[in-house]
**Student:** 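Can you read through this structure? Questions will come right after.
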Amino acid sequence: MTDEILPAIAGEILTGEAALSVAGKDWGNLIHTRPGLVVRPASATDVAVVLRFAAARGLPIAARGAGHSPYGQGQVEGGILLDMTSLPPRRVVTGELVSVDAGARWREVLETTLPYGLAPPVLTDYLELTVAGTLVVGGIGGATHHHGTQTDGVVALEVVTGAGEVIICSRESDDDLFDAVLGGLGQCGVITRATLRLTPAPARARRWKLYYDSLPAFLADQRAVVRDGRFDYVEGQLIPVGDGWRYMLEAVAYYSPPAGPDEAALLDSLAFVESEAEDTVYFDFLNRMADGEAALRAEGSWFHPHPWLNVFLTDDTVERFVAETLAATGERELGATGLVLLYSVRNDRLKTPLFTVPPGELSWLFSPLRVGSPHDPLHNARLLELNVDLYRKARDLGGKVYPSNALPMSTEDWRAHFGEAWPKLADAKARYAPGNLLNPGQCLRVP
């Protein structure tokens, strides 16, 4: 495949070894699938031209943002890869909305909105992900128990369908496409622009790290603070200590001086055994992973395989499931720089039709974020087997996946995952992106 076969576009068409090599890797560093060429579009029109070209010739095509997929979801074998970070950076705040290019990093969105005293209500822990990259899976973070997922804050989208048609959609216009794109794994179209709801941004963040020696106490306190909403941000982390585990509740209150958080009221009745507190500028809290990223890049493990797993557990199974998993998890199963997250969300805050969690009042995101070996593919394969085992166990107990994983998923797996929402997604995919050509790395096919 060469650039001569494509119609003229304003963007770039790359066929060199360097571009193809980068496009054949991702954050997970487990799947390496090279495209035939890379297109860096300069507009939605470019995207439409390329998608029409691919559809007419039966060529597979994938959209890539920051390349943070864990298992080849943004890769394509021998086809066309769209590098969406090349879209021009048009970012406009109007009232309490911001319109941004789909390839914008969430950090760049914040840098656009904070001068207006506004911010998206939900942000992922890592701000270098792209807007479209998280909207196709949901986008979850420590404020989800208040505001839902990032998809719940979307007002409108510009989408290029798999057939190459540019459509502006929202809950009021072309809502079937809107609902199929948000959380739809990139199966119906490519997001080129998004309009997002904003909320007032505080000046500062007071962050407490509350430590527990007991998993039941940690879970009970997390349930309490998620239900009563006393903190603006809540996440949990499970920390290996010697032969056992310690549990850390990360709880944050946002504020703007001269008023400040009432620490006594916020921490009242919580059963932690030790605590730490720090106070930072709001943006610095949100961007707190920047220093850790720099350290991991310098140390090298940033570039190692990342067989990550994210599953949602039911409230009545979380304690036993987590305890049994931790009992079988040591450094070899997690990696020296791996970590485990566990935090709760309120299901009534989740409004996106395709964002699927177990039934009940609360769901728990359980995330063994493993780090593999760059020199031991057999070990990495074993870590993937552990992911499959945990996924099946969670599924059999009523759990669901958060759809960004190092986990082989079949169409039947996705059908079971989406459940009652599956027919609408399948119908939209057949209508807007026939041929199963778009983002084939998700392994989701319909007739």
Side-chain angles (χ1 to χ4, degrees), residues 89-102 104-135 137-157 170-172 178 182-183 191 193-208 225-235 250-262 265-266 279-289 343-353 355 365:
R90 294 189 297 116
R91 296 147 197 173
V92 181
V93 175
T94 305
E96 294 186 346
L97 301 176
V98 62
S99 176
V100 298
D101 48 291
R105 268 72 168 180
W106 285 100
R107 172 184 50 79
E108 295 170 327
V109 175
L110 274 174
E111 290 170 350
T112 300
T113 65
L114 284 178
Y116 294 87
L118 299 168
V122 179
L123 289 154
T124 52
D125 291 332
Y126 181 52
L127 296 183
E128 297 304 318
L129 305 177
T130 61
V131 169
T134 62
L135 294 186
V137 295
I140 192 169
T144 290
H145 71 290
H146 277 300
H147 302 289
T149 57
Q150 290 182 314
T151 52
D152 292 320
V154 178
V155 174
L157 296 170
S170 67
R171 291 180 179 86
E172 292 74 39
F178 185 78
L182 295 175
I191 300 171
R193 194 159 187 82
T195 301
L196 312 170
R197 178 172 55 87
L198 302 173
T199 54
R204 301 191 66 82
R206 181 78 55 82
R207 177 190 186 198
W208 289 272
V225 300
V226 165
R227 283 172 171 149
D228 66 30
R230 72 180 77 175
F231 293 105
D232 297 296
Y233 170 108
V234 173
E235 288 193 8
E250 185 180 18
V252 182
Y254 301 145
Y255 71 100
S256 295
D262 184 341
L266 289 170
D279 203 289
T280 63
V281 173
Y282 178 61
F283 177 81
D284 289 348
F285 165 69
L286 297 175
N287 198 39
R288 64 198 178 281
M289 286 191 63
Y343 62 95
S344 181
V345 298
R346 288 182 52 170
N347 289 351
D348 64 356
R349 297 297 196 264
L350 308 174
K351 306 300 184 183
T352 300
F355 192 79
L365 182 68

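What's counted below: heavy atoms across the whole structure, side chains too, no hydrogens, waters or symmetry copies. Position 1 is the first residue of the sequence, and the numbers go up from there. Note that the coordinates shown come from a computational prediction; the quantities given were computed from them, not determined experimentally.
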**Student:** Mark yes or no for whether Thr144, through its side chain, and Gly148, through its backbone, hold a donor-acceptor pair below 3.5 Å.
**Tutor:** yes

**Student:** Using ring-ring contact (aromatic ring centres under 6.0 Å, His included) as the criterion, list what pairs up with Tyr233, not counting sequence neighbours.
**Tutor:** Phe285

**Student:** Quick one: closest heavy-atom pair of Leu114 and Ala119, and the distance?
**Tutor:** CD2-CB, 4.3 Å

**Student:** For the side chain to side chain contact (heavy atoms under 4.5 Å, CB included) test, which of Leu118, Thr94, Val155 pairs with Leu198?
**Tutor:** Leu118

**Student:** Under the rule for side-chain hydrogen bond (donor to acceptor under 3.5 Å, both in side chains), what residues qualify as partners of Asp232, not counting sequence neighbours?
**Tutor:** none

**Student:** Tell me the closest heavy-atom pair linking Ala143 and Val122, and the distance in Å.
**Tutor:** O-CG2, 4.1 Å

**Student:** Looking at Tyr255, I want to see if its OH is surrounded by more than 12 non-hydrogen atoms of other residues, nucleotides or ligands under 6.0 Å.
**Tutor:** yes

**Student:** I'd like to check Arg204 versus Ser256 (side-chain heavy atoms, cut-off strictly below 4.5 Å). Are they in contact?
**Tutor:** no

**Student:** Could you tell me whether the side chain of Asp152 and the main chain of Thr149 form a donor-acceptor pair under 3.5 Å?
**Tutor:** yes

**Student:** Give me the atom names and distance for the closest heavy-atom approach of Ala253 to Trp208.
**Tutor:** CB-CZ3, 3.9 Å

**Student:** Between the main-chain N or O of Phe355 and the side-chain N or O of Thr352, is there a donor-acceptor pair closer than 3.5 Å?
**Tutor:** no

**Student:** What residues, two or more places apart in sequence or in another chain, satisfy side-chain hydrogen bond (donor to acceptor under 3.5 Å, both in side chains) together with Thr134?
**Tutor:** Trp106, Gln150

**Student:** Which residue pairs pass the salt bridge (charged side-chain N to carboxylate O under 4.0 Å, His left out) test with at least one member in residues 110-125, sequence neighbours excluded?
**Tutor:** Arg107-Glu111, Asp125-Arg288

**Student:** If the condition is side-chain contact (heavy atoms from CB on, under 4.5 Å), which residues does His146 pass it with, not counting sequence neighbours?
**Tutor:** none

**Student:** Hey, is the main chain of Phe178 close enough, under 3.5 Å, to the side chain of Arg171 for a donor-acceptor pair?
**Tutor:** no

**Student:** With sequence neighbours left out, what residues match Phe283 under ring-ring contact (aromatic ring centres under 6.0 Å, His included)?
**Tutor:** none

